[in-house]
Amino acid sequence: MVEQTQARGRIGEVFWVFLALGLTSFGGPVAHLGYFRTAFVERRQWLSEQAYADLVALCQFLPGPASSQVGFALGLLRAGPWGAAMAWLAFTLPSAIILVLFAFGAAVLDGPIASGIIHGLKVVAVAIVAHAVWGMARNLCPDKTRTGIALAAVFTVVLVSGPLGQVSAIVLGGLAGLTLCRDSAAATASESLHFPVTRKAGMVALGVFAGLLILLPLLAGMAVWLDIADAFYRSGALVFGGGHVVLPLLEAEVVQSGWLTSDEFLAGYGAAQAVPGPLFTFAAYLGALLPGINGLVGALLALLAIFIPGFLLLVGVLPFWNQFRQWGSAQALMRGANAAVVGILGAALYQPVWTSAIIGAEEFALALTGFLLLTVWKLPAWVVVVVVVFGGIAIAP
């Protein structure tokens with residue numbers, strides 16, 4: 001009975017923590033990783049900096065929405081399968097509801113005050129990401145070698161744009177770590193994270209992922225809901241980098257197919273930039289507008305279909321991850337990969353986070369205030385969000 005009560009308490013804890021993040025995590029996947037680090041590494045200490053960076057690196061390698069995959073894994077780690085489900089639901093629900101309302105014509109993002117709020121939320125993302133980069137750099141790049149790997153990752157991402165640049169940076173960072181970081185890997189014990197997923201369950205998840213990827217295109221055309229499931233499942237399964245990278249795939253599926261107009265697609269994309277949570281919830285907006293199906297049913301189907309493949313892949317890989325991480329060579333590889341993640345986050349701090357938010361001296365001062373509130377005064381992220389949002393309203397034109 002006590003264990004059941006504790007389990008229910010942990011599931012509830014996961015839900016409410018991720019709901020707060022779902023309501024306040026603006027700025028896209030890079031900013032989400034910063035929010036997660038503050039919430040779960042610094043404040044709640046659910047896992048170490050090293051383990052968190054390993055998890056981020058793993059999710060960056062896999063197709064799907066990287067920040068949502070990290071959140072799903074954190075919920076799974078803390079409270080099992082129900083915790084994973086609650087983490088995804090709570091983090092995704094706020095933005096999905098707003099975008100469905102927007103699809104139905106609710107003017108939820110209009111007016112000067114709303115514009116000021118959005119302005120402030122973009123600025124606070126700068127402070128959150130800068131705080132994450134600063135903290136991770138101190139822990140994961142403690143020597144010249146790993147600092148050099150992080151710097152090389154910045155150049156790789158800058159010179160090779162898009163998800164290819166990110167994957168290339170991690171691969172090259174891992175190879176550099178394999179060669180240059182063996183001493184530091186041997187000196188530091190690797191922390192095991194015990195996810196409640198058996199090898200059999202992992203193999204089943206990988207089989208379901210592959211089976212749906214093959215079967216759904218064969219069934220498409222038999223019913224509208226199968227067409228929708230196929231289109232959004234393939235979009236979620238074949239995209240590396242998540243977020244903005246999925247947009248060309250979705251545009252090909254819903255605009256070029258004639259389901260929606262280009263104006264409808266772009267209006268929803270603009271709204272998706274202004275709401276918290278994962279950008280993949282853009283699928284809920286699109287699903288609500290699709291012809292031949294009830295709007296709410298279409299939104300739910302599209303939302304589930306685009307997220308499921310990334311989660312199936314993650315569950316399939318997790319049972320084999322700890323064993324891989326215990327190998328000496330693997331630890332050296334992960335040291336380099338983690339340093340590369342710091343470089344990727346550092347590059348993303350400038351583009352798109354900084355360039356989309358800091359358009360003048362007022363925004364710079366406001367972002368610096370948020371950064372200092374996090375690093376010096378060590379205030380909770382949600383307090384900093386509130387403070388900077390009010391500042392955004394004050395400086396909005």
Side-chain angles (χ1 to χ4, degrees), residues 14-40 56 59 64-75 83-104 106 108-109 114 117-129 132 232 235-236 239 241-247 250 267-288 296 299-300 302-308 310-311 314 348 352-353 356-357 381-382 384-386 388-389:
V14 168
F15 179 83
W16 291 112
V17 170
F18 273 94
L19 182 61
L21 289 167
L23 291 166
T24 57
S25 294
F26 291 82
V30 176
H32 299 162
L33 296 176
Y35 283 101
F36 289 169
R37 178 188 171 275
T38 300
F40 303 117
V56 170
C59 294
S67 62
S68 292
Q69 287 170 311
V70 171
F72 184 88
L74 290 170
M86 290 300 102
W88 173 78
L89 180 66
F91 186 59
T92 306
L93 199 58
S95 58
I97 290 174
I98 294 172
L99 290 174
V100 170
L101 290 175
F102 184 78
F104 291 156
V108 293
L109 298 173
I117 291 173
I118 293 169
H119 191 57
L121 292 169
K122 289 181 179 180
V123 173
V124 79
V126 176
I128 294 289
V129 176
F232 285 88
S235 296
V239 59
H244 301 276
V245 184
V246 78
L247 293 173
L250 289 177
Y269 173 57
Q273 306 303 306
V275 299
L279 187 58
F280 267 42
T281 54
F282 180 38
Y285 166 87
L286 298 175
L296 291 177
L300 180 60
L303 193 65
L304 290 173
I306 202 169
F307 276 102
I308 283 175
F311 293 155
L314 180 62
V353 177
S356 65
W382 69 268
V384 178
V385 169
V386 172
V388 176
V389 161

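Just so it is clear, the structure is predicted and the values come from calculations on it, not from any experiment.
Here CZ of Phe307 is found 4.0 Å from OG of Ser68. Values are rounded to the nearest 0.5 Å. Distance check: Leu296 CG to Phe104 CZ gives 4.5 Å after rounding to the nearest 0.5 Å.
For Phe91 and Phe36, the distance between ring centers is under 6.0 angstrom.
Residues Ala302 and Gly287 approach most closely at CB-CA, 4.0 Å, considering heavy atoms. Heavy atoms only, all atoms of each residue included: Thr24 and Pro276 are closest at N-CB, 4.2 Å. Closest non-hydrogen pair, Ala132 versus Gly34, comes out as CB-CA, 3.5 Å.
The side-chain contact (heavy atoms from CB on, under 4.5 Å) with Ser95 is formed by just one residue from the set Leu23, Thr281, Leu279; it is Thr281.
In this structure Ala284 satisfies the side-chain contact (heavy atoms from CB on, under 4.5 Å) test together with Ala96, Val100, Ala299, Leu303, sequence neighbours excluded. Residues meeting the side-chain contact (heavy atoms from CB on, under 4.5 Å) test with Ala90, sequence neighbours left out: Phe15, Phe18, Leu19.
With a 4.5 Å cut-off on side-chain heavy atoms, Leu314 and Cys59 count as touching. In this structure the side chain of Val17 reaches within 4.5 angstrom of the side chain of Phe40, judged on heavy atoms. With contacts defined as side-chain heavy-atom distances shorter than 4.5 Å, the pair Leu33/Val70 qualifies.
The aromatic rings of Tyr285 and Phe102 sit tilted relative to each other, their planes meeting at an angle between 30° and 60°.
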